[in-house]
Protein chains: 2
Amino acid sequence: MKILIVEDEPKTGDYLKQGLTEAGFVTDLARDGWDGLELAKAGHYDLMILDVMLPGINGWQVLEGVRRAGIDMPVLFLTARDQVEDRVKGLELGADDYLVKPFAFAELLARVRSLVRRGHAGLEPAVLKAADLELDLLRRRAMRAGRKIELTAKEFALLELFLRRRGEVLPRSLIASQVWDMNFDSDTNVIDVAVRRLRVKIDEGFESKLIHTVRGMGYVLETFPEEPAP
Amino acid sequence: MKILIVEDEPKTGDYLKQGLTEAGFVTDLARDGWDGLELAKAGHYDLMILDVMLPGINGWQVLEGVRRAGIDMPVLFLTARDQVEDRVKGLELGADDYLVKPFAFAELLARVRSLVRRGHAGLEPAVLKAADLELDLLRRRAMRAGRKIELTAKEFALLELFLRRRGEVLPRSLIASQVWDMNFDSDTNVIDVAVRRLRVKIDEGFESKLIHTVRGMGYVLETFPEEPAP
DNA sequence: TTCAGCACATGAAAATCCTTATCGTCGAAG
DNA sequence: CTTCGACGATAAGGATTTTCATGTGCTGAA
């Protein structure tokens with residue numbers, strides 16, 4: 001599997017190249033937009049990782065050039081934290097996924113694998129929904145019934161997990177491994193506390209509750225109450 | 001590469017098996033000490049991952065049985081947080097490495113790879129030193145000039161990095177990727193602040209400073225001052 | 001030499017996260 | 001029906017980590 005990285009900052013570029021190489025990919029690295037475009041046209045890649053901020057021509061322009069040349073490969077692009085609208089724009093231009101700097105390498109790897117596997121057929125949904133709750137993954141914002149909800153990083157990750165696996169009962173060990181990247185140590189109740197904080201934000205003050213406890217098992221996010229009417 | 005996992009808690013066991021399988025290893029899973037011992041004797045494994053707390057016979061006993069049977073394979077064992085002395089004991093009994101629960105999977109994978117590669121020839125050093133500073137990785141304790149120093153998780157990780165790469169100038173991007181598992185985003189100074197906190201703890205009040213700033217490059221831990229005498 | 005600009009240092013406030021302790025509730029057993 | 005025990009909810013406290021604002025000193029250019 002061959003990946004083209006287009007990144008001007010040397011440290012980030014080397015970091016990506018090394019990490020992906022260790023993960024078993026073959027990589028080429030372009031240091032600016034022009035080189036990137038040229039390489040993209042010349043070689044056959046399974047994926048392109050594209051920084052938005054580049055000297056010469058920027059990331060979108062590279063993307064546009066690539067698409068104009070009729071090259072059909074998935075594109076993952078990298079944006080800085082404040083370039084939210086850029087991300088939206090990039091997706092409209094035909095990118096397949098994005099990642100906000102700074103990012104954990106594990107996260108990048110997961111997305112790269114996903115894209116390489118799926119091709120750029122199915123873009124990940126940008127907004128997850130359940131009833132009147134919406135989680136915008138691009139803008140990192142949550143809303144319920146039209147009201148904006150502020151979430152911390154952990155809360156966001158937790159809610160994202162719940163929404164991605166809506167209706168499934170998630171045992172604490174699963175939540176721990178996904179949200180905390182930890183193998184579970186049962187003598188703590190971090191998860192209970194985190195779920196509570198999330199509940200306060202997304203359920204408190206609303207008629208229908210979304211997060212439900214399944215005693216002895218874990219937690220579920222469900223649109224309908226467990227027991228409709230006795 | 002074949003790995004034997006001995007772990008009674010089902011969730012942890014499955015988690016390990018799945019994760020390692022995805023990482024390309026072949027795994028067998030034993031649910032208690034007796035099964036573990038039997039499998040270890042029967043099959044040819046490149047590594048055994050051994051939980052200390054097991055029903056029937058405990059981890060050390062399994063280890064002892066394995067060694068008695070003349071089986072020579074590296075052993076990585078898993079301990080709970082409070083079983084510090086157990087870890088020390090386990091290493092004395094001939095384990096090759098340990099991991100404290102809860103642990104990040106990435107950490108486990110790194111150690112597994114290291115052990116599979118090296119065999120159990122070279123146990124990682126348990127104590128890192130520089131001048132009169134010591135960092136005990138087993139007991140997670142730091143001392144300087146005989147005085148105990150309390151460190152937080154981040155401080156510990158940072159100091160460990162400095163000690164492992166003593167004398168090397170570490171750019172911020174490297175520190176970010178190692179200690180924060182993040183690709184670097186230059187508009188923050190978390191690293192500066194973290195380095196400062198560490199400095200206060202290990203250098204303040206001591207004649208010779210260990211952590212030095214290299215302007216425009218990063219930080220180094222060095223025993224000798226950069227410029228001896230002008 | 002002086003000044004401006006940049007890099008790093010520092011202190012303090014704010015945000016987040018984890019721990020601990022206590023209370024409540026559900027379910028099973030008597 | 002009552003009691004007990006386990007599991008979960010909740011509140012409060014504390015520790016850690018991050019952000020922000022400001023200070024200081026080096027370096028290179030005028």
Side-chain angles (χ1 to χ4, degrees), chain A residues 11 80-82 100-102 104 140 142 149-159 169-173 175-176 179-182 184-205 209-220 225-227 230, chain B residues 80-82 100-104 140 142 149-159 169-173 175-176 178-182 184-205 209-220 226-227 230:
Chain A
K11 279 162 189 167
R81 198 187 321 198
D82 307 325
V100 183
K101 294 190 204 175
R140 303 231 120 212
I149 299 175
E150 299 286 350
L151 295 178
T152 69
K154 279 264 147 69
E155 288 159 4
F156 193 96
L158 183 57
L159 181 54
V169 177
L170 308 178
R172 287 174 170 66
S173 59
I175 297 175
V179 178
W180 274 261
D181 186 27
M182 283 205 156
F184 195 45
D185 180 23
S186 59
D187 71 355
T188 173
N189 73 334
V190 251
I191 294 173
D192 301 50
V193 175
V195 168
R196 162 156 173 71
R197 277 207 314 274
L198 185 57
R199 266 176 166 158
V200 168
K201 292 197 176 174
I202 72 164
D203 273 347
E204 208 162 80
K209 308 302 182 191
L210 294 173
I211 298 176
H212 305 274
T213 304
V214 183
R215 204 183 165 81
M217 306 265 93
Y219 298 95
V220 215
E226 280 169 69
E227 320 212 9
Chain B
R81 198 186 325 195
D82 308 325
V100 183
K101 294 191 205 176
F103 51 84
R140 302 232 119 214
I149 298 175
E150 300 286 350
L151 295 177
T152 70
K154 279 263 148 70
E155 288 159 4
F156 194 95
L158 183 57
L159 181 53
V169 177
L170 308 179
R172 282 158 223 277
S173 59
I175 297 175
Q178 298 287 307
V179 178
W180 275 261
D181 186 27
M182 285 204 155
F184 194 46
D185 180 25
S186 59
D187 72 356
T188 174
N189 73 333
V190 252
I191 294 174
D192 301 50
V193 176
V195 168
R196 163 159 171 70
R197 276 206 316 274
L198 185 58
R199 267 178 167 158
V200 167
K201 291 199 178 174
I202 72 164
D203 273 347
E204 206 162 82
K209 308 303 182 191
L210 294 174
I211 299 176
H212 305 274
T213 304
V214 183
R215 202 184 165 83
M217 306 265 94
Y219 298 96
V220 215
E226 279 170 71
E227 318 213 9

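Letters go in sequence order (proteins before strands), and every chain restarts at 1.
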Measuring to OP1 and OP2 of D:dA9, would you say a side-chain N or O of A:Arg199 lies under 4.0 angstrom away? yes

Between B:Arg199 and B:Thr213, does any side-chain donor sit less than 3.5 Å from a side-chain acceptor? yes

I want to confirm an ordering. Mapping A:Ala194 and B:Met217 to their closest nucleotides on DNA chain C, which one lands closer to the 5' end? B:Met217

CZ-CG distance between A:Arg196 and A:Asn189, expressed to the nearest 0.5 angstrom: 12.0 Å

Side-chain N,O (A:Thr188) to OP1/OP2 (C:dC18) below 4.0 Å: no

Report yes if some heavy atom in the side chain of A:Ile191 is under 4.5 Å from a heavy atom in the side chain of A:Leu158; otherwise report no. no

Rounded to whole Å, please give me the gap between CG in A:Leu158 and P in C:dC18. 11 Å

Can a side chain N or O of A:Arg196 be found less than 4.0 Å away from OP1 or OP2 on D:dT10? yes

Polar side-chain atom of A:Lys154 near backbone of A:Val179 as donor-acceptor pair, under 3.5 Å: no

Atom pair distance, as rounded to whole Å: CG in A:Asn189 and P in D:dA11: 14 Å

Mind checking B:Val193 for me? I need base, sugar-phosphate or nothing, with any heavy atom below 4.0 Å counting as a touch. base

By nearest nucleotide on DNA chain D, pick out whichever of A:Tyr219 and B:Lys201 is the more 5' one. A:Tyr219

Figure out the CD/C1' separation between B:Glu155 and D:dT16, and round it to whole Å. 9 Å

Looking only at D:dT18, D:dA9, C:dT25, the nucleotide nearest the A:Arg215 side chain is C:dT25

Can you check whether A:Thr213 has a side-chain N or O nearer than 4.0 Å to OP1 or OP2 of D:dC7? no

Euclidean distance, atom CG of residue B:Asp192 to atom P of D:dG25 [Å, nearest integer]: 17 Å

Please answer whether the main-chain N or O of B:Lys209 pairs with a side-chain N or O of B:Asp203 as donor and acceptor at a distance below 3.5 Å. no

Could one point to a donor on the side chain of A:Asp187 or the base of C:dT19 with an acceptor on the other under 3.5 Å away? no

Atom CG of A:Leu170 and atom P of D:dG8: how far apart are they, to the nearest Å? 14 Å

Nucleotide nearest B:Lys154 (side chain, heavy atoms from C-beta), chosen from C:dC18, D:dT17, D:dG25: D:dT17

Between B:Arg197 and D:dT17, is there a contact of a side-chain N or O with OP1 or OP2 at under 4.0 Å? yes

Are B:Trp180 and D:dT17 close enough that a side-chain N or O sits under 4.0 Å from OP1 or OP2? no

May I have the distance from B:Ile191 (atom CD1) to C:dA9 (atom P), rounded to whole angstrom? 12 Å

A:Asp203 has an atom CG; how far is it from atom C1' of D:dA9, in whole Å? 14 Å

